[in-house]
Amino acid sequence: MKADWDQLGDEFAGSSSVLIGDADCTDSAQSLCEKFSISGYPTLKYFKDGDMEGQDYQGGRDYDSLRQFVDDELAAKCDVNDPIECTDKEKGYIEKMKTKSADERKAQHERLTKMQGSSMKAELKQWLNQRINILKGIDQEL
């Protein structure tokens with residue numbers, strides 16, 4: 001499984017919406033593992049839409065299963081460089097943010113990031129995360 005996990009991490013290394021990482025609970029990451037109640041190896045957790053607690057991943061442990069889960073559940077669908085899969089709302093936000101200065105986009109990103117831990121309806125949290133991913137994409141593009 002380690003090879004599949006590393007391959008997945010390599011493929012998403014440049015992603016603005018997905019971070020694949022690992023922690024060695026027997027070494028320097030013990031406090032992190034305790035915080036998230038990790039007691040066995042391998043334990044896979046995912047964090048979605050500002051969730052700070054994390055959810056246990058229950059799917060297959062092979063590369064294809066892991067990749068499918070990330071594509072379906074975690075990866076942002078809207079690509080600033082190729083907005084064909086973006087909604088009209090996302091396209092409008094992309095165009096609006098492209099006219100802003102880097103400092104204005106940074107301020108917007110900071111404001112939205114602070115809101116991630118707030119309680120809100122699922123559709124608002126989704127839109128919040130979509131905007132954050134768009135801002136990350138614009139800054140990578142420029």
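Nothing fancy with the numbering, it's 1 onward along the sequence.
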Distance, nearest 0.5 Å, that separates CD of Glu110 from CG of Leu112: 10.5 Å

Atom pair CD1 (Ile84) and CG (Asp82), whose distance is rounded to the nearest 0.5 Å: 6.0 Å

Between CD1 on residue Ile94 and OG1 on residue Thr99, distance to nearest 0.5 Å: 12.5 Å

Connected via hydrophobic side-chain network under 4.5 Å: Leu124 and Leu128: yes

Non-hydrogen atoms of Lys96 and Lys100 that approach each other most closely: O-CG, 3.5 Å

Partner residues of Glu73 under the salt bridge (charged side-chain N to carboxylate O under 4.0 Å, His left out) criterion, sequence neighbours left out: Lys48

Glu90 side chain vs Thr87 backbone, donor-acceptor pair below 3.5 Å: yes

Nearest heavy atoms of Asn81 and Pro83, plus distance in Å: C-CD, 3.8 Å

Basic-acidic side-chain contact under 4.0 Å: Asp139, Arg105: yes

Residue pair Phe36, Lys45: steps toward the side-chain contact (heavy atoms from CB on, under 4.5 Å) verdict: CA-CA 9 Å; Phe36 293 106; Lys45 293 229 178 233; 4.1 Å; yes

ring-ring contact (aromatic ring centres under 6.0 Å, His included) contacts touching residues 83-116 (sequence neighbours left out): Tyr93-Trp127

From CA spacing to verdict: side-chain hydrogen bond (donor to acceptor under 3.5 Å, both in side chains), Glu34, Ser31: CA-CA 5 Å; Glu34 289 171 8; Ser31 63; over 6 Å; no

Student check: side-chain heavy atoms of Tyr57 and Leu66 closer than 4.5 Å: yes

Donor + acceptor pair across side chains of Asp103, Ser101 (<3.5 Å): no

same_hphob_cluster(Met115, Met97) at 4.5 Å side-chain heavy-atom cutoff: yes

Test log, rule side-chain contact (heavy atoms from CB on, under 4.5 Å), inputs Tyr46 and Asp56: CA-CA 7 Å; Tyr46 64 94; Asp56 289 333; over 6 Å; no

Trace of the side-chain contact (heavy atoms from CB on, under 4.5 Å) decision for Lys98 with Ile138: CA-CA 7 Å; Lys98 282 185 173 181; Ile138 291 172; 4.2 Å; yes

pair Arg61-Leu44: side-chain heavy atoms closer than 4.5 Å: yes

Steps toward side-chain hydrogen bond (donor to acceptor under 3.5 Å, both in side chains) verdict (Tyr63, Glu11): CA-CA 11 Å; Tyr63 172 79; Glu11 289 191 23; 2.7 Å; yes

Value rounded to 0.5 Å, distance of CD in Gln140 from NZ in Lys136: 8.5 Å

Student check: side-chain heavy atoms of Gln130 and Cys78 closer than 4.5 Å: no

Shared hydrophobic cluster, Leu32 / Leu19 (ILVMFWY, side-chain heavy atoms < 4.5 Å): no

Same cluster (ILVMFWY, side-chain, under 4.5 Å), Trp5 and Val18: yes

Approximate separation, where rounding is to 0.5 Å, of Asp64 CG and Leu8 CG: 10.5 Å

Derivation of the side-chain contact (heavy atoms from CB on, under 4.5 Å) call for Arg111 and Arg131: CA-CA 11 Å; Arg111 182 183 75 81; Arg131 289 181 288 168; 4.1 Å; yes

CG-OG distance between Asp4 and Ser65, expressed to the nearest 0.5 angstrom: 9.5 Å

Lys2: salt bridge (charged side-chain N to carboxylate O under 4.0 Å, His left out) partners, not counting sequence neighbours: Asp6, Asp22

Cluster overlap Phe69 with Phe47, hydrophobic side-chain contacts below 4.5 Å: no

Validation row: Leu135, Gln108 side chains within 4.5 angstrom (heavy atoms): yes

